[in-house]
Amino acid sequence: MHRRLIAPGALAASLLLAIPASAAGRLPGAPGIGDPYYPAYGNGGYDVSHYDLRLKYQPRTDELEGTATLLATTTQDLSRFDLDFLLDVSEVRVNGAKASFTASGEHELEITPARPLAKGTPVTVVVRYSGVPSAKTAYGFSTWHRTPDGAVAADEPEAAWWWYPSNDHPRDKATYDVSVAVPDGTQAISNGTLQSTSSRLGWTRYNWRSDKPQATYLTTLAVGKFDITTGTTSDGVPVVNAYSKDLGSNEGAARASVERTAEITDWLTGYFGPYPFNSVGGYVPNTTTGYALETQTRVFYSPRQFANGSNTSVVVHELAHQWYGDDVSLSAWKDIWINEGFARYAQWLWSEHEDEGTAQELADYVYASHPADDPFWTVAPGDPGPEHQFDIAVYDRGALAVQALRNEIGDDAFFAVLKGWPKEHAYGNASVEDFRKYAEKVSGASLAPLFDTWLYQPSKPGAPAARDASIAREQAAGAKGAPERPRSWKKIAATDSVH
């Protein structure tokens, strides 16, 4: 994943300089949505409700042509607004009229409509563009991944800039239609359900639809030659899995893991409630990346996740994100614990299911495995900072905090919280503070001290706190010897590069 620091003060100063004195009452939308970790990500002044992307991609040359239509509503009076984008733009229209535009900063497309826009105005923005995504970088990196037979767009916290213009922050979720033309014999895979295909003059067009709100970084595109399998969950949710035809020795392990998607989805509904989207599945392209990503309804898996054999634990992790991270998305990137702590904890629950170690045993092992002077404890999962956003402590210490919560409020309240949370904030956004308040409402307990100890203090919770939370009680009391390593630990640790 990519984490870049941009000084909020510098961003504010550049915005003030960009506002002409004559624009009083109608201001440019901010070139950032206000995220404390990534102040230049996303944009202010409008809210997108739908993206319609009509694309044509040539794998041989990595050339992409596109027309993006965004349906949005202004949230302030606007003289100008930004989209996050890197490719070459030939035309922009706002509500049918040509608009002027220019590129600025690392990834901003500044758009000035022919007439200012009043607050609350429905807006249709059409952007025509083209380019070679692999030739573009921002902040020194690219999230566009070439493969021997195509390309993949899948990364976090940003990926959209390389293939479509957007308001690139999880706080602005939208529905999607993604239509992609590729040479005959090549396939295009995206989120949601495949609505139709058609062929003409050597090109095949694939039309995908996601009908529930989706964050920009959770939107994916994979072009290549795949073997596609289909099925349904027990509740009738369509399952679509895809595997590059050149995975080599990783193919068997990848299939043995990802083909259990329907089974694992069924199992997760017992903890998290009904599956929230119109399809489920995953794809394994022939990439050299090492991580997996919870791209909504169509999880991205690197072949390296299966280099040591099958691993259903990584499938559990990414499918758990469909509830924790995709259905309920973080409000700001500092709320990453809502995503990763609970996806990791789902792996612990799967370990119990597979009789390879209980969640309590895993919590005890994590606690005992890191001495007090281990830097592991200096990362606060509740607000880890951009430089540690995907640190292993966010996952393991994050899941440890979940177990501490479970022990504090008891299983009845805990599992009610686990299932109720996705329903409480379905298709929306929420923060760690929102989660604490919800857990307090359900359990009737005051949880601020617990959250502070296990999520925010940059130190190992001491023996009294560990005993109170029923974590490694014997070790906290001074007993010699560390807990035995659960059998599932090797599989769980093998997913440490998931993000």
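Contact check for Asp82 versus Leu109: no side-chain heavy atoms found under the 4.5 Å cut-off. Between Phe300 and Thr287 the shortest side-chain heavy-atom distance falls below 4.5 Å. For the pair Asp35 and His169, the minimum side-chain heavy-atom distance is below 4.5 Å. Within the 4.5 Å cutoff, the side chain of Tyr217 has no heavy atoms near those of the Pro157 side chain. When side chains are defined from C-beta on, Val123 counts as touching Asn95, because their heavy atoms get closer than 4.5 Å. A 4.5 Å side-chain heavy-atom check between Gln403 and Asn407 finds at least one atom pair inside the cut-off. A heavy-atom distance below 4.5 Å is found between the side chains of Ile111 and Leu83. Residues Pro449 and Asp452 have side chains not in contact (no heavy-atom distance under 4.5 Å, counting atoms from C-beta outward).
Without hydrogens or angle criteria, Ser257 side chain to Asn311 main chain gives a donor-acceptor distance under 3.5 Å. His321 contributes no side-chain N or O that, together with a main-chain N or O of Glu294, makes up a donor-acceptor pair within less than 3.5 Å. Judged by distance alone, the side chain of Glu356 and the main-chain N or O of Ser351 form no donor-acceptor pair under 3.5 Å.
Using a 30° and 60° split on the angle between ring planes, His107 and Tyr41 fall in the perpendicular class, above 60°. Ring geometry for Phe376 versus His370: interplanar angle under 30°, hence parallel rather than tilted (30 to 60°).
Take Phe81 and apply the ring pair (Phe, Tyr, Trp, His ring centres under 6.0 Å) test, not counting sequence neighbours, and it matches Tyr46.
Across Tyr271, Trp323, Phe414, a single residue satisfies ring pair (Phe, Tyr, Trp, His ring centres under 6.0 Å) together with Tyr345, and that is Phe414. Tyr324 pairs in a ring pair (Phe, Tyr, Trp, His ring centres under 6.0 Å) with only one of the listed residues (Trp337, Phe435, Phe272), which is Phe272.
If you check the side chains of Glu354 and Ser488, you find no donor sitting under 3.5 Å from an acceptor. Side-chain atoms of Thr269 and Asp266 include no donor-acceptor pair closer than 3.5 Å. With no hydrogens or angles considered, a side-chain donor-acceptor pair links Thr219 and Gln214 at under 3.5 Å. Using modelled atom types, one finds a donor on one side chain and an acceptor on the other under 3.5 Å when comparing Thr193 with Gln195. Side-chain contact of Tyr283 with Thr220: a donor-acceptor pair under 3.5 Å is present, judged by distance alone. Side-chain contact annotation: Asp168 with Thr216, donor-acceptor N/O pair under 3.5 Å present.
Taking a cutoff of 4.0 Å between a charged side-chain nitrogen and a carboxylate oxygen, Asp77 and Lys119 do not qualify as a salt bridge. A salt bridge links Glu263 with Arg260; the closest basic N to acidic carboxylate O contact falls under 4.0 Å.
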Inset, instruction - Please report the C-alpha distance between Ser166 and Asp84 in whole Å, then the side-chain angles of each, then the deciding distance to 0.1 Å, and finally whether the side chain to side chain donor-acceptor pair (under 3.5 Å) criterion is met. - result: CA-CA 5 Å; Ser166 67; Asp84 299 300; 4.8 Å; no
Legend entry - Residues Tyr51, Tyr164; criterion ring pair (Phe, Tyr, Trp, His ring centres under 6.0 Å); working and verdict: CA-CA 9 Å; Tyr51 291 89; Tyr164 71 96; 5.5 Å; yes
Inset, instruction - Let me see the working for His317 and Glu340 under side chain to side chain donor-acceptor pair (under 3.5 Å), right down to the final yes or no. - result: CA-CA 9 Å; His317 183 103; Glu340 303 304 346; 3.1 Å; yes
Legend entry - Check against ring pair (Phe, Tyr, Trp, His ring centres under 6.0 Å), Trp162 and Phe85: CA-CA 7 Å; Trp162 282 261; Phe85 197 45; 9.9 Å; no
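Of all heavy-atom pairs between Gly192 and Asn278, the closest is CA-OD1, 3.5 Å.
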